[in-house]
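One structure below.
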2 protein chains.
Amino acid sequence: MQSPEKISYDPEAPVDPRIEALVNDLIGRVADKWTMLILEALEEHGECRFTRLAGLVPGISQKMLTQTLRAMERDGLVHRTVHPVIPPKVEYRLTGLGHSLGEAFCGVWLWAEAHLGEVEEARAGFDARG
Amino acid sequence: MQSPEKISYDPEAPVDPRIEALVNDLIGRVADKWTMLILEALEEHGECRFTRLAGLVPGISQKMLTQTLRAMERDGLVHRTVHPVIPPKVEYRLTGLGHSLGEAFCGVWLWAEAHLGEVEEARAGFDARG
DNA sequence: GTGCCTACTTTCTTTTGGAGAGTATAGCGA
DNA sequence: TCGCTATACTCTCCAAAAGAAAGTAGGCAC
């Protein structure tokens, strides 16, 4: 129930604070560097094996790759297929949910591409001003 | 110049690797929890003072707030106005660049709101399966 | 003088991340 | 038979980052 002194129908209205907390939490997990980079690698290259992904995501350690993939699997963003052969073969691909998140991040990607120069200018200016 | 053995006009074509590296780098800085949360707070509430912002961003420490705001200022995302009064008064507001990034992140926000339930289900399933 | 106000700093502790070596297993060549 | 390779982790150790809490500056009301 809303607090009676403030009923708002503003589209930017404060939502249920519990929902807001959950959304903030979800953002906290999903909006990290490695998740975004893995998501993009899988969007761009489709289903991939562990070692391939390690090569596609620049600078990631095996530990973080395992960890992030597990978290993404738990959140339903990627599907993990284990082929019981030797040497081991494990493939990762985006789920529908993962794909939809990838699309959501697309805007950020385009922003980064479009405004790279501006950011670099801003940094140079900031650093010059001391 | 492109390598002659592989000329591609695919819209998802590999861009200049230097650009890609820079974009990845920029994503790494911008796609973090606190930056997103501060960005959203400033989008929603407009110009804010330090202490106000600390209250608006749930769970942030003063240290991280200072640090993240400085980084955002350096990147040209926020503008910092210092009023030389006592006690100190410092106001932060989004720049045009910051606002555009906020809009880019909007998709992720909407995604989180829309798919919160699915993620929770996925987690429950994952945890149940062991 | 004492305390208050705000926007930070500083210090200390805990958590996280990265580098690199180790593990399990079967097939293959010497 | 021995050793080598390949793969997807897993473990250990150390450095870097984040969080908590106390400290700082400096005018002003008391």
Side-chain angles (χ1 to χ4, degrees), chain A residues 21 24-25 27-39 41-42 45-75 77-94 126 129-130, chain B residues 21 24-25 27-39 41-42 45-75 77-94 126 129-130:
Chain A
N24 278 359
D25 203 61
I27 291 288
R29 312 241 183 147
V30 132
D32 92 298
K33 188 181 164 179
W34 297 134
T35 300
M36 274 196 70
L37 259 18
I38 290 174
L39 209 55
L42 289 176
H45 300 274
E47 193 164 40
C48 283
R49 298 177 62 180
F50 187 87
T51 304
R52 179 97 206 284
L53 266 180
L56 290 174
V57 178
I60 198 169
S61 66
Q62 290 189 324
K63 189 170 113 180
M64 283 315 291
L65 183 53
T66 307
Q67 210 172 100
T68 310
L69 282 171
R70 283 285 194 292
M72 290 173 78
E73 190 193 355
R74 188 172 108 95
D75 287 347
L77 302 174
V78 303
H79 183 81
R80 182 165 174 268
T81 311
V82 181
H83 302 275
V85 298
I86 300 242
K89 178 171 183 177
V90 180
E91 289 177 307
Y92 295 92
R93 66 178 156 76
L94 291 184
F126 184 90
R129 278 189 295 279
Chain B
N24 278 358
D25 203 62
I27 291 287
R29 312 239 184 149
V30 132
D32 93 297
K33 188 181 164 180
W34 295 135
T35 301
M36 275 197 69
L37 259 17
I38 290 174
L39 209 55
L42 288 176
H45 299 275
E47 193 163 39
C48 283
R49 298 178 63 180
F50 186 87
T51 304
R52 178 99 206 283
L53 220 37
L56 290 174
V57 178
I60 198 169
S61 66
Q62 291 190 323
K63 188 171 112 180
M64 285 314 292
L65 183 53
T66 307
Q67 212 171 100
T68 310
L69 281 170
R70 282 288 194 290
M72 291 173 79
E73 189 193 355
R74 189 171 109 95
D75 287 347
L77 302 174
V78 302
H79 184 80
R80 182 166 174 268
T81 312
V82 181
H83 303 274
V85 297
I86 300 251
K89 177 171 183 175
V90 180
E91 289 178 308
Y92 295 92
R93 67 178 155 76
L94 291 184
F126 184 90
R129 277 190 295 279

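Order of the sequence lines fixes the chain letters, A, B, ..., with proteins taken first and strands second; residue numbering starts at 1 for each chain.
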- [ ] Determine the minimum heavy-atom distance between B:F126 and A:R74, stating which atoms define it.
- [x]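 Minimum heavy-atom contact is CD2-CG, 3.4 Å.
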- [ ] Quick one: closest heavy-atom pair of A:L56 and A:A41, and the distance?
- [x]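 What the structure gives for the nearest pair is CB-CB, 4.1 Å.
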If we only count heavy atoms from C-beta on, is the [X] to [Y] side-chain gap below 4.5 Å?
| X | Y | value |
| --- | --- | --- |
| A:M64 | A:T66 | no |
| B:Q62 | B:F50 | yes |
| B:T81 | B:H79 | yes |
| B:V90 | B:R49 | no |
| B:L69 | B:R80 | no |
| A:L77 | A:V30 | yes |
| B:L37 | B:I60 | no |
| A:V78 | A:L39 | no |

Task: Partners meeting salt bridge (charged side-chain N to carboxylate O under 4.0 Å, His left out) with B:R93 (sequence neighbours left out) - done: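 Salt bridge (charged side-chain N to carboxylate O under 4.0 Å, His left out) check on B:R93 returns B:E47.
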Using heavy atoms and a sub-4.0 Å distance, could you list which residues of [range] are near DNA chain D? By number, please.
| range | result |
| --- | --- |
| residues 78-91 of chain B | B:I86 |
| residues 53-60 of chain A | none |
| residues 62-74 of chain A | A:Q62, A:T66, A:R70 |

Task: Nucleotides bounding contact with chain A, strand DNA chain D, heavy-atom threshold 4.0 Å - done: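 Range of nucleotides within reach of chain A: D:dA6 to D:dT10.
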- [ ] Dump the intermediate steps for side-chain contact (heavy atoms from CB on, under 4.5 Å) on B:L53 and B:L42, then the final yes or no.
- [x] CA-CA 8 Å; B:L53 220 37; B:L42 288 176; 3.8 Å; yes
TODO: Please determine, by modelled atom types, if A:H83 and A:E91 share a side-chain donor-acceptor pair under 3.5 angstrom.
DONE: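 Looking only at side-chain atoms, A:E91 and A:H83 do form a donor-acceptor pair, the distance falling under 3.5 Å.
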Task: Spacing of OH belonging to B:Y92 relative to CD belonging to B:E73, to within rounding of 0.5 Å - done: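 B:Y92 OH to B:E73 CD: 7.0 Å, rounded to 0.5 Å.
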Open item on the list: Five pairs per end, C1' atoms only: what is the angle between the end axes of the helix from C:dG1-D:dC30 to C:dA30-D:dT1, to 10 degrees?
Closed with: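 The value is 30°.
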- [ ] Could you give me the CA-CA distance, side-chain angles and deciding distance for A:D32 and B:K33, then say whether side-chain contact (heavy atoms from CB on, under 4.5 Å) is met?
- [x] CA-CA 7 Å; A:D32 92 298; B:K33 188 181 164 180; over 6 Å; no
